[in-house]
Undergrad: 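One structure coming up, written as structure tokens, with questions to follow.
No experiment lies behind these values; they were computed from the predicted model shown. What's counted below: heavy atoms across the whole structure, side chains too, no hydrogens, waters or symmetry copies.
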Amino acid sequence: MAQHSLIRPEGAASDWTIPQNWAAYTAEDHATWDILFERQAALLPGRVTPEFIAGLDVLRLSKPGIPDFEELSERLMKATGWQVVAVPGLVPDDIFFDHLANRRFVSGNFIRRRDQLDYLQEPDVFHDVFGHVPLLAHPVFADYMQAYGEGGQRAAQAGVIEKLARLYWYTVEFGLVRSGDELKLYGAGIVSSYTESLFALDDPSPNRIGFDLRRLMRTKYRIDDFQQNYFVIDSFEDLLDQTLNTDFGPLYAELEGQADIEIETILPGDHVFTRGTQAYARAKAA
């Protein structure tokens, strides 16, 4: 949700929040949410981490269709102290990090058109709420998100946001987690997408690589299509532990002198769950 050099829209507060205006949603808007919700809720069991399925209950509210953020925030606040606030779309980095550090998750208040069910480049209310909010009801992941926001504030002051953005991308948005001998989905960009929920686990094309903080923060990513790499964490507890107990200042200095890693690259020291064929990306490039 964060981006550089944005101009605050007229009507947005200084923290870029706006009223959700739930009453303004049309029947078509709510029907689109219901189609997306029912489709993902049917697909994800067995594919997604159980903590996500447990967290889905926080979205089962008294009103039909798109969740009312006020009611949703009441339930989320009781679970982990988080709330959901509406914003016009992408927000500046400093605003984004401040909200996360204070346990506020920003969500666009618009929903995609019916002809955009399978892909939308800018995150809408379905991506933001269905994709992110269920895991915010999980105490450990909720703490990770706050820790990431606090780390983002420090990274912004040091001028090294790009490296930290890769951590968010490859965990919060497109992360996989190990569950025994299986891999499970948890990243919001995957679980809110019907097609990527299939691709990320089933397709032979992408690499699936064990989580390594230094390696991940050097790795480029793509924003316009399915991922060519997915990084696999051992657990949310381990992810939080590494985030809290890594001194990022020296890490940023270390990474400054190292070249970025191209997306499809496998390194000799990687823990490789799947060495991808990269067939999908190569076919699209051709």
Undergrad: Thinking salt bridges, do Lys63 and Glu71 make one under a 4.0 Å N-O criterion?
TA: no

Undergrad: Evaluate Glu264 against Asn229 for side-chain contact (heavy atoms from CB on, under 4.5 Å), listing each step before the verdict.
TA: CA-CA 7 Å; Glu264 71 279 5; Asn229 279 329; 5.8 Å; no

Undergrad: Look at Arg104 together with Asp98 and state whether they make a salt bridge at an N to O cut-off of under 4.0 Å.
TA: yes

Undergrad: Could you walk me through whether Trp16 and Phe96 pass the side-chain contact (heavy atoms from CB on, under 4.5 Å) test, one step at a time?
TA: CA-CA 9 Å; Trp16 285 62; Phe96 182 68; over 6 Å; no

Undergrad: Heavy-atom count check: over 12 atoms from other residues, nucleotides or ligands less than 6.0 Å from Glu254 CD?
TA: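 Yes - once you tally the heavy atoms of other residues, nucleotides and ligands closer than 6.0 Å, there are more than 12.
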
Undergrad: Are Phe236 and Tyr144 close enough that their ring centers fall under 6.0 Å?
TA: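 Between Phe236 and Tyr144, the centre distance exceeds or equals 6.0 Å.
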
Undergrad: In terms of heavy-atom contacts, does CZ of Arg39 have more than 12 from other residues, nucleotides or ligands at under 6.0 Å?
TA: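 It does: Arg39 CZ has more than 12 such atoms within range.
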
Undergrad: To the nearest 0.5 Å, what is the distance between CG (Asp94) and CG (Asp15)?
TA: 11.0 Å

Undergrad: Can you give the donor-acceptor pairs under 3.5 Å from side chains of residues 174-183 to other protein atoms, not counting sequence neighbours?
TA:
residue: Arg178; atom: NE; partner: Asp234; partner atom: OD1; Å: 3.3
residue: Arg178; atom: NH2; partner: Asp234; partner atom: OD1; Å: 2.6
residue: Glu182; atom: OE1; partner: Lys184; partner atom: NZ; Å: 3.4

Undergrad: Does a salt bridge link Asp203 with Arg208, judged by any charged N lying under 4.0 Å from a carboxylate O?
TA: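 The answer is no: the pair does not qualify as a salt bridge.
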
Undergrad: Check the pair Phe69, Val125 against side-chain contact (heavy atoms from CB on, under 4.5 Å), reporting the backbone distance first and the verdict last.
TA: CA-CA 10 Å; Phe69 288 2; Val125 68; 3.8 Å; yes

Undergrad: Tabulate below the donor-acceptor pairs under 3.5 Å that side-chain atoms of residues 80-89 make, not counting sequence neighbours, or state none.
TA:
residue: Thr80; atom: OG1; partner: Leu136; partner atom: O; Å: 2.6
residue: Trp82; atom: NE1; partner: Ala142; partner atom: O; Å: 3.3

Undergrad: Take Glu51 and Tyr186 through the side-chain contact (heavy atoms from CB on, under 4.5 Å) test and state the conclusion after the steps.
TA: CA-CA 9 Å; Glu51 292 88 345; Tyr186 76 91; over 6 Å; no

Undergrad: Looking only at the aromatic ring of each residue, does the gap between the centers of His132 and Phe105 stay below 6.0 angstrom?
TA: yes

Undergrad: Give a yes or no on whether the ring-centroid distance for Tyr230 and Tyr221 is below 6.0 angstrom.
TA: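 No, they do not, as the ring centres are separated by 6.0 Å or more.
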
Undergrad: Quick check: are there more than 12 heavy atoms from other residues, nucleotides or ligands sitting under 6.0 Å from CD of Glu256?
TA: no

